[in-house]
Structure formats: C-alpha cells, structure tokens
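A quick write-up on the structure given underneath.
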Amino acid sequence: MTIRTFCTLAAAIFALIALLQLSRIVMGWSVTLNGFDVPFWASWIAVTVAGGLSFVGFRAAMRS
C-alpha cells in the first residue's frame, strides 16, 4: 500500500465518521453507553476532530 493510498483511505474513513456524527445531530438520534446518555455536544467535538483529520489526510494524499 502506498502512502497516497493510505492517506486517502484514512481520510475517507474519518470523513465517514464525521458525516455519521453530523447525521446523529441533525436527526436527533440518542446514544446510550452503559446507561449513560451521550450529549450532543460530544458529537460536535467528534465532527470537528474527524473532519479536521479527514481534511489533513486528503491534503497529505494530494501532496504525496
């Protein structure tokens, strides 16, 4: 696997995670982990982090 392929694949996975978290916010899906309701602000953090990692991954793929 080349570096470009790896960066593209990782960026696509992070983009998918960001889109799923954004879907959770828009659709109002609740998430419960071990009896604890996960607040929506945690999804905003996940969207920001995963979106940033996706951007960096795609940019690295373009440069290599």
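Positions are given from 1, in the same order as the sequence printed here. These numbers come from the heavy atoms of this one structure, side chains and all, not from hydrogens, waters or symmetry mates.
Within 6.0 Å of the CZ atom in F40, the count of heavy atoms belonging to other residues, nucleotides or ligands exceeds 12. Crowding of I3 atom CD1: a count of heavy atoms from other residues, nucleotides or ligands under 6.0 Å not exceeding 12.
Contact of the M1 side chain with the L9 side chain is registered, since non-hydrogen atoms from C-beta on lie closer than 4.5 Å.
Residues W41 and V49 share a single hydrophobic cluster, defined by chaining ILVMFWY side chains whose heavy atoms lie under 4.5 Å apart. Under the 4.5 Å side-chain contact rule for hydrophobic residues, L22 and W29 do not share a cluster. Under a hydrophobic clustering in which Ile, Leu, Val, Met, Phe, Trp and Tyr are joined whenever their side-chain heavy atoms come within less than 4.5 Å, directly or via other members, I45 and L53 fall into the same cluster.
For the atom pair M62 CE and R4 CZ, the distance stands at 7.0 Å (nearest 0.5 Å).
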Next on the checklist: If you apply the rule side chain to side chain contact (heavy atoms under 4.5 Å, CB included), what do you find for V38 with T32, and how did you get there?
Outcome noted: CA-CA 6 Å; V38 179; T32 305; over 6 Å; no
Checklist entry - Given D37 and V31, is the side chain to side chain contact (heavy atoms under 4.5 Å, CB included) satisfied, shown in steps? => result CA-CA 6 Å; D37 288 330; V31 174; over 6 Å; no
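A donor and an acceptor atom, one from each side chain of R24 and S43, are located under 3.5 Å apart. For T2 and T5, the side-chain atoms include at least one donor-acceptor pair closer than 3.5 Å.
Closest of all the heavy-atom pairs between A18 and G51 is CB-N, 3.9 Å. Of all heavy-atom pairs between A11 and S54, the closest is O-OG, 3.0 Å. Residues T8 and F58 come closest through the heavy atom pair O-CE2, 4.0 Å.
Between the side chain of S64 and the main chain of A60, a donor-acceptor pair closer than 3.5 Å is present.
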